[in-house]
Number of protein chains: 2
Amino acid sequence: MADPLSRVFSALADPTRRDMVARLAAADATVNELAEPYDVTVQAVSKHLKVLEDAGLVSRSRDAQRRPVHLEAEVFDLMTKWIERYRRQAEARYQRLDAVLEELKNRPTDRAGRAARADGDDADKGAAS
Amino acid sequence: MADPLSRVFSALADPTRRDMVARLAAADATVNELAEPYDVTVQAVSKHLKVLEDAGLVSRSRDAQRRPVHLEAEVFDLMTKWIERYRRQAEARYQRLDAVLEELKNRPTDRAGRAARADGDDADKGAAS
DNA sequence: CTCGTATTCAACTCATCGGTTGACAAGACC
DNA sequence: GGTCTTGTCAACCGATGAGTTGAATACGAG
């Protein structure tokens, strides 16, 4: 799964990982500190951190044998941008719903869907698996 | 995987699904229309739609044997709220980084991480797997 | 050098995911 | 009533994910 957006979304699709991010938003922490509240092994948490790190959500520095984990908030922008784009688009479409209905009335032989098309903006194309 | 947030994130973790959402933002579409650009079977696309529907991102009405698919933009808010919350928190923390460093200087015997803690806001708690 | 602590690596299990093929249900069309 | 179209359901397959245990690495403290 190469693309960054997929990595970020799927990293946050796990409640444990989301909780870690929430805690890291408050303060940096070591692996052991992070692991403490959950009843899974430290190894499992280490794996979760690797996922978050691969997604760019988190970075680790080095302090003796400790590896403090730090939240990288910038990556959030990647998601918010994607989301906001299509949310706005969908909402705009909702706003002019009456206009669409109007156009459908004018061509009753045509099937739905087709009519409203053609203003399509096909970003993210070719990203299909 | 019960919780709604996980469902939404993981639904959007797939590029094909994300592309469908992008196209649905422009216009409603039938399953076959949606399937056309991808070189997978219609059944696969039907499955993808089920995932999106379970996440609440999409709804289907009935028009004879067709099932027009419609994007439900409201669910996006769930994500944006979550994201914005922790992004803001993390950025605020970044802003007052110098203050934190100051405090660390005052207690040089204490280990990092510990010091910055205790202002923690532990939302989403109990959501851990 | 040895010991304890913090973290990761390796190998394994089990469940879920994305995809397939094949059969089936529901309507429109003749 | 047949048949074509649209869509879903069921069973299966290979890959990946989240978890485990057990061993290895890296470093600081005696």
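Chain naming here is simple, since letters A, B, ... match the order of the sequence lines and numbering starts at 1 in each.
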I would like to know whether B:Asp3 and A:Arg18 meet side chain to side chain contact (heavy atoms under 4.5 Å, CB included); could you show each step before the answer? CA-CA 12 Å; B:Asp3 73 296; A:Arg18 234 162 31 234; 2.7 Å; yes
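Contact record, A:Leu57 with A:Val8: CD1-CG1, 4.3 Å, taken as the closest heavy-atom pair.
Annotation: proximity of residues 44-54 of chain B to DNA chain D (heavy atom, distance under 4.0 Å) is found for B:Ser46, B:Lys47, numbered in ascending order.
Going from atom CG of A:Asp63 over to atom C1' of C:dA6 covers 11 Å, rounded to whole Å. Between A:Glu33 atom CD and C:dT5 atom P the separation is 16 Å, expressed in whole Å. For the pair A:Arg18 CZ and D:dA18 P, the computed distance is 12 Å after rounding to whole Å. Atom P of nucleotide C:dG19 and atom OH of B:Tyr38 are separated by 11 Å, given to the nearest angstrom. Taking atom CZ of A:Arg17 as the reference point, atom P of D:dG17 lies 9 Å away to the nearest angstrom. Look at CG on B:Asp39: it is 16 Å from P on C:dG18, rounded to the nearest Å. Between the CD atom of B:Glu36 and the P atom of D:dT5 there is a distance of 16 Å, rounded to whole Å. Note: CG (B:Asp14) to P (C:dC17) measures 11 Å, nearest angstrom.
Every residue two or more places apart in sequence or in another chain that forms a salt bridge (Lys or Arg N to Asp or Glu O under 4.0 Å) with B:Lys50 is listed here: B:Asp54. Evaluation of the side-chain hydrogen bond (donor to acceptor under 3.5 Å, both in side chains) rule for B:Glu84 yields B:Arg87 as partners, not counting sequence neighbours. Partners of A:Ser61 by side-chain hydrogen bond (donor to acceptor under 3.5 Å, both in side chains), not counting sequence neighbours: none found. Under the side chain to side chain contact (heavy atoms under 4.5 Å, CB included) criterion, A:Gln43 pairs with A:Thr41, sequence neighbours left out. Remark: A:Glu53 pairs with A:Arg60 by the side-chain hydrogen bond (donor to acceptor under 3.5 Å, both in side chains) rule, at least two apart or across chains.
No donor-acceptor pair closer than 3.5 Å links the side chain of A:Thr30 to the backbone N or O of A:Arg67. Put simply, the side chain of B:Arg17 never gets that close to the backbone of B:Leu52: no donor and acceptor are under 3.5 Å apart.
Listed pair B:Asn32 / D:dG7 meets the phosphate criterion, a side-chain N or O lying under 4.0 Å from OP1 or OP2. Note on B:Arg60: every side-chain N or O is 4.0 Å or more away from OP1 and OP2 of D:dG7. Taking only side-chain nitrogens and oxygens, A:Arg67 never comes nearer than 4.0 Å to OP1 or OP2 of C:dA6.
Closest approach to the B:Thr41 side chain among D:dG19, C:dT20, C:dT8 is made by C:dT20 (side chain taken as heavy atoms from C-beta onward).
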So which protein N/O to nucleotides 23-30 of chain D N/O distances come out below 3.5 Å?
from   : atom 1 : to      : atom 2 : distance (Å)
D:dC27 : O2     : A:Gln65 : NE2    : 3.0

